[in-house]
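Below: one structure, written as structure tokens.
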Amino acid sequence: MSLPTAQVRLRGVSGADRAQQRHARLLGLLLAGLTDQAVANQLNLSTRTVQRRVRALMDMVAADTRLQLGFHAARRGWI
């Protein structure tokens with residue numbers, strides 16, 4: 001299953017904004033029900049990198065589960 005990808009590079013967009021875009025894309029793919037492997041394939045990353053990034057996001061919001069991460073991401077307007 002291949003999802004459309006939007007690769008946008010804007011001048012003047014800060015690194016923090018790009019990081020937020022990457023986080024939103026990662027979260028969106030997970031919330032769409034994709035496995036870690038499928039997310040990794042879509043983002044051209046290793047599965048382990050996806051897992052590390054998910055864990056980092058979970059730590060950011062003090063979430064113990066991915067469900068909690070989704071709740072906090074929605075609440076904070078990340079997705």
Side-chain angles (χ1 to χ4, degrees):
M1 177 179 172
S2 178
L3 299 177
T5 59
Q7 301 267 336
V8 179
R9 299 217 185 263
L10 302 173
R11 289 185 199 149
V13 175
S14 73
D17 288 339
R18 277 191 223 103
Q20 287 176 336
Q21 291 170 353
R22 284 192 307 265
H23 293 328
R25 180 101 198 277
L26 173 72
L27 289 167
L29 292 171
L30 289 173
L31 289 172
L34 274 67
T35 64
D36 288 352
Q37 182 62 54
V39 172
N41 291 340
Q42 286 291 315
L43 300 178
N44 295 319
L45 301 171
S46 72
T47 304
R48 184 66 186 124
T49 298
V50 168
Q51 292 168 344
R52 278 195 302 270
R53 289 184 182 181
V54 170
R55 182 75 250 169
L57 289 170
M58 289 172 66
D59 290 344
M60 222 188 275
V61 297
D64 293 322
T65 67
R66 289 177 180 218
L67 180 64
Q68 290 174 346
L69 174 60
F71 170 79
H72 286 287
R75 191 171 184 195
R76 292 170 188 239
W78 292 354
I79 50 171

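- A salt bridge between Arg53 and Asp36 is absent, with no side-chain N of the basic residue lying under 4.0 Å from a carboxylate O of the acidic one.
- Under the 3.5 Å distance criterion, the side-chain polar atoms of Gln42 are left unmatched by any main-chain donor or acceptor of Ala38.
- Heavy-atom neighbours of Arg75 CZ from other residues, nucleotides or ligands within 6.0 Å: at or below the threshold of 12.
- For the atom pair Ile79 CD1 and Leu31 CG, the distance stands at 4.5 Å (nearest 0.5 Å).
- A continuous path of ILVMFWY side-chain contacts below 4.5 Å connects Leu29 to Val61, so both sit in one hydrophobic cluster.
- The CZ atom of Arg55 sits 11.5 Å away from atom CE of Met60, with the distance rounded to the nearest 0.5 Å.
- Here the closest non-hydrogen pair linking Leu27 and Ala73 is CD1-CB, 3.8 Å.
- Side-chain N/O atoms of Asn41 and Gln37 include a donor and acceptor closer than 3.5 Å.
- Across every non-hydrogen atom of Ala63 and His72, the tightest pair is CB-CD2, 4.4 Å.
- With values rounded to the nearest 0.5 angstrom, Leu26 atom CG is found 6.0 Å from Leu57 atom CG.
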- Message: Working note: Thr49 + Arg52, criterion side chain to side chain contact (heavy atoms under 4.5 Å, CB included); need CA distance, chi angles, decisive distance, verdict.
- Response: CA-CA 5 Å; Thr49 298; Arg52 278 195 302 270; 3.1 Å; yes
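- Here the CG atom belonging to Asp64 is positioned 11.0 Å from the CG atom belonging to Leu69, to the nearest 0.5 angstrom.
- Atom CH2 of residue Trp78 and atom CD of residue Gln21 lie 15.0 Å apart, to the nearest 0.5 angstrom.
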